[in-house]
Amino acid sequence: MINQRRIAIYGKGGIGKSSTASNVAAACAEEGYKVMIIGCDPKSDSSITLLGGKRIPTILDLLRQGRKIKEEDIVFHGYRNVRCVEVGGPEPGIGCAGRGIIVAIKTLRDMCREMDEMDLIIYDVPGDIVCGGFVAPIRKGLVNEAYVLTSGEYMPLYAANNICKGLRQIDTRLSGVICNSRNVTREEEIVRKFAEEIGSKLVAFIPKEQIVQDCERDGFSVIEKAPDSNIAQVYRELARAIMSNADSTLPQSLDDERLRELTR
Amino acid sequence: MAANDISIIHPRPSSIVAALYTLRDLNVDVAILHGPPGCSFKHARLLEEDGIHVVTTALDENGFVFGGRKELSSALRKVNEMFHPQLIGVVGTCASMIIGEELHEPVMDANLDVPVIEVEVHAGYANNTKGVLLTLESALDVGVIDREEFERQKILLEKATEVEKLHGAASREYLAPSRGDLKYKVAQRIIELLQEGKRGVVIMNAKKETAYMFADITVAVHEVASMLGVSANVVNMANLDESLGLPRVRDHARNIMRDLKEKGVQIHEITGGLDEYPVAGDVVDKLLLRKYADYDFAVITGVPHAIPMDHLKNMEIISVTNGPRQVLPLKEMGHKHVVVEIDLHPKTLGVNHIVESELGATLRQMLKETLY
């Protein structure tokens with residue numbers, strides 16, 4: 001518990017947070033760490049590639065049924081024993097997904113004994129922090145490290161920059177920037193520069209490779225389905241970087257003009 | 001709603017209000033409601049009568065959309081300047097909790113030199129005792145109460161919830177409010193019983209400050225029995241242990257015992273502290289069995305439904321409640337007469353002496369008419 005890493009990966013929607021989270025989880029589990037992944041997106045697909053493509057019942061599904069929830073009802077063991085939890089949410093357009101996260105996280109914290117034993121807990125949070133509920137994991141002291149995922153394109157960088165503004169507002173430190181490549185010119189250079197200028201560092205450059213999508217389509221992480229691929233190795237290195245990272249800073253967001261200059 | 005619970009449709013006590021009352025019992029000087037201006041208005045006003053300041057961050061539509069971190073931290077600073085409190089409570093509301101407001105950050109922002117009890121509570125709990133529990137947990141964190149008192153309170157709360165589900169206002173899906181039996185008829189019956197030389201037990205099993213008025217019924221019955229020369233036929237039980245509960249609650253017990261003594265009323269059996277109404281019933285039950293099983297009637301005030309019927313069955317029961325929804329459940333338990341002291345609670349806030357009850361006043365007036 002003392003050395004437990006509890007991280008959240010933020011970034012623009014669709015940039016690859018769930019892929020990165022599940023591959024990092026799988027790679028860390030391979031190294032022998034006890035890992036849990038908590039999907040906080042109402043779409044509830046964070047852990048799907050760790051469970052061979054199967055969906056698991058979400059905390060909010062069970063709460064809706066009014067059942068007394070036990071740990072084994074919501075914590076499922078996936079690839080290499082990675083514990084998988086999905087928060088879930090209401091039907092789109094009904095109720096309040098933000099409140100859902102607050103309630104689900106509280107339920108989990110109150111009853112999940114296994115959480116204390118983990119070396120790494122990854123909160124896979126939705127791309128857009130649309131309301132107070134979506135920062136509940138951080139606000140409730142459950143997350144102690146944040147990473148930002150971006151490509152070298154303007155819009156994902158704009159979102160990353162906004163997230164940094166938000167992190168500063170809620171007094172949460174940034175442990176690094178991860179670049180998930182979209183094959184943009186000078187991409188690594190742009191993202192590295194961005195990371196430095198906000199006072200952080202680039203911890204990994206993940207090249208764009210079709211094999212990631214192919215494995216996901218079959219319901220697996222590349223670590224499991226294509227363990228010898230180059231990209232699997234990249235995820236393993238990222239996993240090691242995360243597990244040994246000791247630096248973090250309160251990020252200083254850039255003004256929009258500087259951000260545009262960077263991507264030009 | 002959990003599948004195994006009934007769906008109660010009559011209005012229920014609020015957990016937010018329960019949190020406010022608990023903060024008062026913990027002797028906070030100011031309670032700040034973080035939410036819309038009208039939330040819990042009526043009880044906030046009553047609590048002001050009881051000597052604590054209650055203010056609100058008055059969140060409006062913009063507050064719901066943009067959050068109220070600044071509003072709360074500035075309210076904290078403001079009350080600190082205005083009232084110089086020793087202890088502050090901050091209480092959530094439905095609106096602020098649904099939008100995910102944090103209470104801790106604004107408290108940090110305000111950076112006051114005063115301990116703050118933060119209660120993240122809304123009114124959407126099946127049992128309002130949840131509001132008490134959340135407040136006590138936070139008070140424990142801040143060091144306002146110790147672990148031992150916390151555990152004691154927790155057991156009492158569980159028992160209180162149980163009592164309400166069994167025979168209280170949470171016992172069925174809908175209970176209509178009722179004013180109960182006519183007070184003059186019930187008063188007349190009590191006088192009759194005493195005139196006939198019947199022996200009775202007067203059991204006060206009251207919740208905290210409500211005892212200021214329920215104790216008046218003990219006094220009134222004593223006055224009637226004395227005037228009729230049968231005071232030896234009446235035994236008084238009351239949960240007035242001065243050494244149990246939070247400091248404020250002990251003060252109430254002391255104040256009432258002092259008044260009773262001045263009025264020459266003896267309490268023969270102390271059944272527990274003023275916060276022990278959910279468990280004092282068992283003490284009463286044992287006493288009845290051991291010493292008073294053959295008494296003819298019982299006058300039970302406060303939370304009468306918390307007294308087991310086992311050793312009351314053969315007695316004529318007159319019970320006095322302040323809950324209009326309690327009449328039917330009490331009748332069903334076998335209480336022959338049920339009297340409601342309507343609006344009792346507001347009259348017992350901000351007082352430190354026994355307050356006259358309607359039944360007490362009726363008894364006194366009818367006694368006069370009987371004697372002269």
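Basis for what follows: all heavy atoms, side chains included, without hydrogens, waters or symmetry-related copies. Naming: A, B, ... by sequence-line order, numbering from 1 per chain.
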Geometric class of the B:His122/B:Tyr125 ring pair [parallel <30°, tilted 30-60°, perpendicular >60°]:
parallel
A cation-pi test, strictly: NZ or CZ of A:Arg6 under 6.0 Å from the centre of the six-membered ring of A:Tyr123 and no more than 45 degrees from its axis. Yes or no?
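Relative to the ring axis of A:Tyr123, which defines the angle, A:Arg6 lies outside at least one limit.
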Would you please test A:Leu259 and A:Phe194 for side chain to side chain contact (heavy atoms under 4.5 Å, CB included) and show each step?
CA-CA 8 Å; A:Leu259 207 57; A:Phe194 167 76; 3.9 Å; yes
Please classify the contact of B:Ile99 with chain A as side chain, backbone, both or neither, using a heavy-atom distance under 4.5 Å.
backbone
Under 4.5 Å from a heavy atom of chain A, the part of B:Glu105 involved
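Side chain of B:Glu105 only, per the 4.5 Å heavy-atom cut-off to chain A.
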I'd like to know which of B:Glu101, B:Arg69, B:Met97 tops the heavy-atom pair count under 4.5 Å against chain A.
B:Met97
Between A:Glu145 and A:Ser248, is any side-chain donor less than 3.5 angstrom from a side-chain acceptor?
no
